[in-house]
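In listed order, ligands and their atoms are each counted from 1. Keep in mind that the numbers below use all heavy atoms, side chains included, and drop hydrogens, waters and symmetry copies.
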Amino acid sequence: MITLNQVKPLMNNRDILLQCAETYGSPLYVYDADRMRAQYERLHQAFDVQDLKLNYACKALTNINVLRLFQGLGAGLDTVSIQEVELGLRAGYAPEDIIYTPNCVSIAEIEKAISKGVHINIDNLEMLEHFGVHYGNRLPICVRINPHVMAGGNRKISVGHIDSKFGISIHQLPHILRLKDTLNLNITGLHMHTGSDILDANVFLFAADILLNQIDSFPDLKSIDFGSGFKVPYKQDDVCTDIEDFGKKISERFNQVCEEQGRRLTLMFEPGKYLVSESGYFLATVNVIKRTTSTVFAGMDTGLNHLIRPMFYDAYHHIVNLSNPDGHDKIYTVVGYICETDTFGWNRKINEIKIGDVLCFKNAGAYCHAMASNYNSRYRPAEVMIDGGKHRLIRRRETLDDLLSTQVFDN
Ligand SMILES: *Cc1c(COP(=O)(O)O)cnc(C)c1O
């Protein structure tokens, strides 16, 4: 087993990153398999409970090779669409290791997931009633509760607030219980996911307690799923979740409640960002250096079509010049080639950039390639996995034929 301390950041090995850019072209996503494994092990070790299951929230990075890597470590899979369910099954996950947590999808889509045998997590009362009427107690279901505790972070990624569309409000618990009793529902799981950025274990515990205080009312319960929100550092000195402290506090509380109630439950989490963010590096090449009256732009061979987080969430991605690590620091505004405002970073201190230099964006594992598009009819980047010091292609770059493959037209 590898621990996090033993995994050196790939940044310390610029050569292999540059070699990847040379071999597979630019722009390019590169992932470090050792880092993914180490993050999984560290999170797993942070909890001290009898039964623990970590389900990889695969919307963060959906390459099937990544799904397989976590399956090999014993993870389950957290999915939010029927397509992710199908990817998970194709990757080799057993249906019972897949949780399907959709929001605002059709009944037909949920029926399809049920037919695949995966766990269904229901997040509105109408659906709960519908499935109760049709399946009674034959369908084990998990209920997504919204405890309305703000875990902090950006409002776009915070899903616990009172007017959030996610989950069934904790204030509607009496209604859930009425449905459970009249329709004989088989509720085997309680779930919450308050959004990103757990900084204070006590705030999280407060939300967790809201679920734990209800287990009395759910005799069929097998698991409690506390979602995710583990924060990783994006900048030096960034405050992030103290996983060991968090794990200790949650485990103590969880064990205490299970003991008091004489129940044996599985503790579940569904991390996305924590498992893959830091394993990813996005490499792109500088096409243009442009001095204006206000700043110096470095214009890249990529844009918000490949990495939308800075424009979408004001996300910070640290940018390093791989080609000139010893150059003088200069100030640049790093921008993309898309025909709209398309800025990756304002006034960044970066080692002097020349045209043709390869820049590297850090924290590019989660919600980066997964959110890439073909806007401006650009191809989505290739993806490479580095494992045991060796690199291999895990997604080829697209071609014009890929762009046209779904269009219907006369040749
Ligand atoms: C997105 C999502 C996650 C993962 O969140 P991270 O912040 O990436 O860890 C977990 N659970 C659900 C239901 C989600 O929608």
Exercise. I would like to know whether Phe204 and Phe246 meet ring pair (Phe, Tyr, Trp, His ring centres under 6.0 Å); could you show each step before the answer?
Key: CA-CA 9 Å; Phe204 191 91; Phe246 174 80; 4.9 Å; yes
Quiz item: Looking only at heavy atoms of Gly227, does any of them come nearer than 4.0 Å to an atom of ligand 1?
Solution: no
Quiz prompt | Tyr367 contact mode with ligand 1 (heavy-atom cut-off under 4.0 Å) | solution = side chain
Exercise. Mark up the atoms of ligand 1 that fall under 4.0 Å of a heavy atom belonging to Ser228, in ascending order.
Key: 4 (C), 5 (O), 6 (P), 9 (O), 10 (C)
Quiz item: Between Arg378 and Tyr337, is NZ or CZ placed under 6.0 angstrom from the six-membered ring centre and within 45° of the ring axis?
Solution: yes
Quiz item: Does Thr101 reach ligand 1 with a nitrogen or oxygen that is under 3.5 Å from one of the ligand's nitrogen or oxygen atoms?
Solution: no
Quiz item: Could Lys235 and Tyr316 be counted as a cation-pi pair, given that NZ or CZ must be under 6.0 Å from the ring centre and within 45° of the axis?
Solution: yes
Practice problem: Can you sort out which atoms of ligand 1 are near Asp78, meaning under 4.0 Å from one of its heavy atoms? | Solution: 11 (N), 12 (C), 13 (C)
Quiz item: Does the gap between the ring centers of His148 and His171 come in under 6.0 Å?
Solution: yes
Quiz item: When the ring centroid of Tyr234 is compared with that of His317, is the distance short of 6.0 Å?
Solution: yes
Exercise. Check whether any side-chain heavy atom of Leu43 lies under 4.5 Å from a side-chain heavy atom of Gln39, and answer yes or no.
Key: no
Practice problem: May I ask you to check if ligand 1 and Glu270 share an N or O to N or O distance below 3.5 Å? | Solution: yes
Practice problem: Give yes if a backbone or side-chain nitrogen or oxygen of Gly272 is under 3.5 Å from a nitrogen or oxygen of ligand 1, and no if not. | Solution: yes
Quiz prompt | side chain to side chain donor-acceptor pair (under 3.5 Å) partners of residues 120-136, not counting sequence neighbours, each pair once | solution = Thr101-Asn121, Asn103-Asp123, Glu111-Tyr135, Asn121-His191
Exercise. Please check if the side chain of Thr343 supplies one atom and the backbone of Gly345 the other of a donor-acceptor pair under 3.5 Å.
Key: no
Quiz prompt | Which segment of Ala57 sits under 4.0 Å of ligand 1 when only heavy atoms are counted | solution = side chain
Exercise. Please state whether Phe166 comes within less than 4.0 angstrom of ligand 1, counting heavy atoms only.
Key: no
Quiz prompt | Contact partition for Lys273 relative to ligand 1, non-hydrogen atoms under 4.0 Å | solution = both
Quiz item: Which ligand 1 atoms are under 4.0 Å away from a heavy-atom of Pro271?
Solution: 9 (O)
Quiz prompt | Backbone or side-chain N or O of Lys59 under 3.5 Å from ligand 1 N or O | solution = yes
